[in-house]
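I have a structure here, written as structure tokens, and I will follow up with some questions on it.
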Amino acid sequence: MPASVSPENKAGTPVTPDLMHRLDRAFFERDPVDVAPQLLNKVLASADGRMGRIVEVEAYCGSRDPAAHSFRGKTRRNATMFGAPGHLYVYFTYGMHFCANAVCWDDEPGMGVLIRALEPVAGIERMREARGDIASLSLLCSGPGRLCQALGIDRKLDGADLVSGTHGIGLYDDGAEPPAEPASSERIGISRATEHAWRWFVAGSPHLSRKPSTRR
DNA sequence: GGTAAGATCAGC
DNA sequence: CTGATCTTACCA
């Protein structure tokens, strides 16, 4: 196990650098409802070695999803979502947070998967610094805004190609399978289209944005 | 041009 | 539960 993976992280699956490989572009050329659960246990990595395993995602389904930024069509803000699949859509929200999505599907543009939580697996000291030296590992990347802060994802990375990883952020498969039966729930923090169970997560992970038995 | 709401988070 | 903080989109 890498030295940067602390004992507190023992419940997780450390990355195996030799096995890390790119995803096929075709992986993203599907409906985000299919892509999202398949993204669980994939590895998001910044250029400087900060890495986290995806433990929570949500699908946003464009013109058939009133909760999606892209619901009403292309704008300056969401333009990346209408671009090529496999790229990163980063947006700024609530006056202080960034959130990151993997752009999906090629039949109809404007779809994506929001990455909501990571299990930190490498570069953890850098993540801590970026997060203001937060102590708790389970609060380091447990939310869409937190993980962006931890990995240094901001508007400069909007449009970055996650497949090639050449723009400072990449998404990799290290051989870890997604859960055979991922847990799902309603999406968090939205006020419209709440009827869909389009949030998927690794059951029991301590790194989720909502811990078990908390609800609001 | 004005404004309300927002795919959130930290602190009380 | 609330305040922070500011961009965007929508409406006039």
Side-chain angles (χ1 to χ4, degrees), chain A residues 28 31-33 35-37 39-40 44 52 54-83 85 87-105 109-120 127-160 162 169 171 182-201 206-211 213-216:
Chain A
F28 299 98
D31 191 304
V33 170
V35 176
L39 279 173
L40 294 175
L44 187 65
I54 296 174
V55 294
E56 179 181 339
V57 292
E58 286 176 355
Y60 285 88
C61 300
S63 63
R64 66 185 162 93
D65 181 4
H69 290 168
S70 47
F71 180 62
R72 291 167 195 277
K74 184 175 176 178
T75 66
R76 183 188 209 86
R77 177 205 208 188
N78 66 25
T80 298
M81 269 209 164
F82 289 82
H87 289 246
L88 192 70
Y89 165 48
V90 180
Y91 67 88
F92 183 67
T93 191
Y94 289 105
M96 59 190 86
H97 302 296
F98 293 98
C99 295
N101 299 249
V103 175
C104 291
W105 220 25
M111 310 216 172
V113 176
L114 173 68
I115 302 172
R116 287 197 55 92
L118 305 175
E119 167 194 67
M127 291 189 195
R128 282 214 162 94
E129 292 166 21
R131 292 265 296 128
D133 288 316
I134 190 165
S136 167
L137 193 63
S138 63
L139 289 176
L140 202 50
C141 300
S142 54
R146 289 169 178 166
L147 73 89
C148 283
Q149 188 179 31
L151 269 68
I153 295 171
D154 63 18
R155 64 183 95 242
K156 294 190 307 296
L157 291 180
D158 183 36
L162 293 168
I169 190 81
L171 189 52
S184 63
S185 77
E186 286 182 2
R187 294 175 291 178
I188 291 173
I190 57 171
S191 56
R192 298 181 299 181
T194 55
E195 69 273 21
H196 300 111
W198 283 346
R199 170 182 179 242
W200 292 268
F201 54 98
H207 306 285
L208 302 176
S209 66
R210 300 294 172 92
K211 310 312 176 195
S213 81
T214 62
R215 208 131 222 252
R216 182 155 60 154

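The chains referred to below are lettered A, B, ... by the order of the sequence lines, with proteins before strands, and numbering in each begins at 1.
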Quick check: do Val33(A) and Trp198(A) have side-chain heavy atoms less than 4.5 Å from each other?
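Yes, close enough: below the 4.5 Å cut-off.
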
With sequence neighbours excluded, what pairs up with Arg155(A) under the side chain to side chain contact (heavy atoms under 4.5 Å, CB included) test?
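So Arg155(A) forms a side chain to side chain contact (heavy atoms under 4.5 Å, CB included) with Phe92(A), Phe98(A).
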
Quick one: Arg192(A) CZ to dA7(B) P, roughly how many Å, whole number?
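Atom CZ in Arg192(A) sits about 8 Å away from atom P in dA7(B).
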
Spacing of Tyr91(A) atom OH relative to dT8(B) atom C1', expressed in whole Å
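Value for this atom pair: 8 Å.
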
Got a sec, which residues hit ring pair (Phe, Tyr, Trp, His ring centres under 6.0 Å) with Tyr91(A), two or more places apart in sequence or on another chain?
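For Tyr91(A), the residues satisfying ring pair (Phe, Tyr, Trp, His ring centres under 6.0 Å) (neighbours in sequence not counted) are His69(A), Tyr89(A).
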
Residue pair Ala135(A) / Arg128(A): nearest heavy atoms and the distance that separates them:
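Result for this residue pair: O-NH2, 2.8 Å.
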
Closest to side chain of Arg131(A), choosing from dC6(C), dA7(B), dA10(B):
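Minimum distance to the Arg131(A) side chain belongs to dA10(B).
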
Atom CG of Leu118(A) and atom C1' of dT8(B): how far apart are they, to the nearest Å?
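Taking atom C1' of dT8(B) as the reference, CG of Leu118(A) is at 16 Å.
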
Nearest-Å distance, CG (Asp154(A)) to P (dC6(C))?
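After rounding, the gap between these two atoms is 15 Å.
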
Would you find a donor on one side and an acceptor on the other, under 3.5 Å apart, between the side chain of Arg131(A) and the backbone of Met127(A)?
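Such a contact is absent between Arg131(A) side chain and Met127(A) backbone.
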
Any stems for DNA chain B, made of 3 or more Watson-Crick or G-U pairs in a row, each with both distances under 3.5 Å?
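Stem segments, range with range: B:1-6 with C:6-11, B:8-11 with C:1-4.
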
Check: Asn78(A)/Ser70(A) side-chain N/O donor and acceptor closer than 3.5 Å:
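Per modelled atom types, Asn78(A) and Ser70(A) side chains form no pair under 3.5 Å.
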
Please state how far atom CZ in Arg155(A) lies from atom P in dC6(C), giving the value in whole angstrom units.
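Rounded to the whole Å, the gap is 11 Å.
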
Residues two or more places apart in sequence or in another chain: which of them pass salt bridge (Lys or Arg N to Asp or Glu O under 4.0 Å) with Arg77(A)?
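Here no residue qualifies.
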
Listed partners of Asp65(A) passing salt bridge (Lys or Arg N to Asp or Glu O under 4.0 Å), at least two apart:
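Applying salt bridge (Lys or Arg N to Asp or Glu O under 4.0 Å) to Asp65(A) gives Arg187(A).
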
From the set dC6(C), dA7(B), dG6(B), return the single nucleotide nearest to any side-chain atom of Phe92(A).
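Selected nucleotide: dC6(C).
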
Any donor-acceptor pair under 3.5 Å linking the side chain of Glu58(A) with the backbone of Ile188(A)?
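Present.
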
Does dC6(C) have its OP1 or OP2 closer than 4.0 Å to a side-chain nitrogen or oxygen of Thr93(A)?
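So the side chain of Thr93(A) is outside the cut-off, no N or O lying under 4.0 Å from OP1 or OP2 of dC6(C).
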
Does Gly159(A) offer a backbone N or O that forms a donor-acceptor pair with the side chain of His87(A) under 3.5 Å?
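Yes, because the side chain of His87(A) sits within donor-acceptor range (under 3.5 Å) of the backbone of Gly159(A).
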
For Arg199(A), side chain to side chain donor-acceptor pair (under 3.5 Å) partners two or more places apart
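Once residues adjacent in sequence are excluded, the partners of Arg199(A) under the side chain to side chain donor-acceptor pair (under 3.5 Å) criterion are Glu56(A), Ser185(A).
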
Contact summary for Ile169(A) and Leu88(A), nearest pair of heavy atoms:
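Closest approach of Ile169(A) to Leu88(A): CG2-CD2, 3.9 Å.
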
Atom CG of Leu147(A) to atom C1' of dA7(B): distance rounded to whole Å?
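For the pair Leu147(A) CG and dA7(B) C1', the rounded distance is 12 Å.
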
Want to settle it: does Ile190(A) or Arg146(A) sit nearer the 5' end of DNA chain B, counting the closest nucleotide to each?
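The residue whose closest nucleotide sits nearer the 5' end is Ile190(A).
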
Can you tell me how far P of dG11(B) sits from CG of Leu139(A), to the nearest Å?
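About 10 Å, once rounded to whole Å.
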
Can you list everything that forms a salt bridge (Lys or Arg N to Asp or Glu O under 4.0 Å) with Lys74(A)? Sequence neighbours excluded, please.
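Expected list: none.
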
With a 4.0 Å heavy-atom cut-off, tell me which residues in residues 71-81 of chain A come close to DNA chain B, sorted by residue number.
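Listed by number, they are Met81(A).
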
Rounded to whole angstrom units, what separation is found between the CZ atom of Arg210(A) and the P atom of dA7(B)?
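In whole Å, dA7(B) P and Arg210(A) CZ are 14 Å from each other.
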
Where along residues 60-69 of chain A does a heavy atom come under 4.0 Å from DNA chain B, residue by residue in number order?
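Here the set is Tyr60(A), Ala67(A), His69(A).
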
Could you list the protein-to-nucleotides 3-5 of chain C atom pairs, N/O on both sides, closer than 3.5 Å?
unit_1 : atom_1 : unit_2   : atom_2 : d
dT5(C) : O2     : Tyr94(A) : O      : 2.5

For Ser63(A), all residues meeting side chain to side chain donor-acceptor pair (under 3.5 Å), sequence neighbours excluded:
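Testing Ser63(A) for side chain to side chain donor-acceptor pair (under 3.5 Å), a comparison that skips the adjacent residues, returns Glu108(A).
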
All N/O contacts under 3.5 Å from nucleotides 1-3 of chain B to the protein, with atom names and distances to one decimal?
none

Identify whether any heavy atom of Leu114(A) sits under 4.0 Å from a base atom; if not, whether one sits that close to sugar-phosphate; answer base, sugar-phosphate or nothing.
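Base, at least one base atom sits under 4.0 Å.
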
